[in-house]
Amino acid sequence: MAKTDFTIRRGAVIVFEGLDQTGKSTQLNRLRGSLDAESTVFAHMPSGFTTFTERVYRALEGETADEKPKSGLAQQLAHLACHAESVPDLKRAAETRSLILDRWWWSTLAYGWYGGSVKQSGLPESSFKELIDTIWSPITPSIVFVFLEPHHLDPNNAPGVQDGYRALLDEYAESALVVPVASEEETHSFVTETLLNRGLAARVENR
Ligand SMILES: Cc1cn([C@H]2C[C@H](O)[C@@H](COP(=O)(O)OP(=O)(O)O)O2)c(=O)[nH]c1=O
């Protein structure tokens, strides 16, 4: 029987965002498994493509307790340092192929600002947003899939983070949508059908 796969349209930028433990990674893996490896670049923020971004990510995840930053502002600035380092590569990937992003600046705003830690530092929201805008202005997403319902409790999902995602969803209603809660298989179908319907993906009959 023929296996049906997909290609993502060249130039498309697809973002997966949302709370921890919501099935985002599972769905990204499913999508990766049904795409040809050549034409789409997958990137995870903050771990990116370089030793610098990889090592900062490991420090942020805190393999040892003393490795993690104590300051919420330092934490988000470290994330943004990784984003700044990765954006030129992301831009190139989006121009020559297609790009699938596992988190981008919505996480910075949702976890950092709406989670409360950056606000506590005294940095005004406008300054934080301006920094984010400056770093991310080269990248425009074609679609943002937002995962909002955690399967398990996760300490990273501070109160407010979900509200942050909802505010971003309202602001970017044209390109962003909530992924409905469903089985793994149904969610995979939802993602692929949405991409097909919006002309961001095409079916490929092979083998
Ligand atoms: C990209 C990004 C992530 N984060 C947070 C979201 C997650 O709680 C954490 C790690 O992200 P990630 O490794 O994607 O977590 P998971 O695989 O569990 O979904 O970092 C920020 O606080 N700011 C950011 O800019």
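For ligands, and for the atoms within them, numbers begin at 1 and follow the listed sequence. Since we're looking at a predicted model, the values are computed, not measured.
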Distance filter under 4.0 Å to [X] heavy atoms, resulting ligand 1 atoms:
{"X": "Thr108", "answer": "23 (N), 24 (C), 25 (O)"}
{"X": "Met45", "answer": "1 (C)"}
{"X": "Ser107", "answer": "1 (C), 2 (C), 3 (C), 23 (N), 24 (C)"}

Side chain Gln162, main chain Leu148, donor-acceptor under 3.5 Å:
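Indeed, once roles are kept as given, a pair shorter than 3.5 Å links the two residues.
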
Spell out, as yes or no, whether a donor-acceptor pair under 3.5 Å connects the side chain of Ser142 to the backbone of Ile14.
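Answer holds: no.
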
Looking only at distances, can you tell me whether any N or O atom of Arg103, backbone or side chain, sits closer than 3.5 Å to an N or O atom of ligand 1?
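Looking only at distances, the answer is yes, because the N/O contact criterion of under 3.5 Å is met.
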
Do any nitrogen or oxygen atoms of Glu61 lie less than 3.5 angstrom from nitrogen or oxygen atoms of ligand 1?
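So ligand 1 has no N or O lying under 3.5 Å from an N or O of Glu61.
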
Tell me whether Leu19 shares a hydrophobic cluster with Leu101, the cluster being built from Ile, Leu, Val, Met, Phe, Trp, Tyr side chains joined at under 4.5 Å.
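Leu19 and Leu101: one cluster.
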
Are there over 12 heavy-atom neighbours, none belonging to Glu95, within less than 6.0 Å of that residue's CD?
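Count over threshold, so yes.
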
What about the rings of Trp105 and His83, do their centers lie closer together than 6.0 Å?
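Centroid separation for Trp105 and His83: 6.0 Å or greater.
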
His83 heavy atom under 4.0 Å from ligand 1
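True for this residue.
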
If you measure from atom 20 (O) of ligand 1 to every heavy atom of His79, Gln76, His44, Gln21, which option wins on shortest distance?
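Shortest heavy-atom distance from atom 20 (O) of ligand 1: His79.
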
Please state which option from Asp20, Leu28, Val161, Leu19 has its nearest heavy atom closest to atom 15 (O) of ligand 1.
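Going through Asp20, Leu28, Val161, Leu19 one by one, Asp20 has the nearest heavy atom to atom 15 (O) of ligand 1.
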
Taking 4.0 Å as the limit for heavy-atom contacts, which would you say applies to Trp105 with ligand 1: side chain only, backbone only, both, or neither?
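Within the 4.0 Å criterion, Trp105 makes no contact with ligand 1.
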
Lys24 contact mode with ligand 1 (heavy-atom cut-off under 4.0 Å)
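It is the side chain that touches ligand 1; the backbone stays farther off.
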
Tyr114: partners by ring-ring contact (aromatic ring centres under 6.0 Å, His included), with sequence neighbours left out
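Applying ring-ring contact (aromatic ring centres under 6.0 Å, His included) to Tyr114 gives none.
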
Test: ring pair (Phe, Tyr, Trp, His ring centres under 6.0 Å). Region: residues 48-75. Which pairs qualify, not counting sequence neighbours?
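Residue pairs with at least one partner in residues 48-75: His44-Tyr57.
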
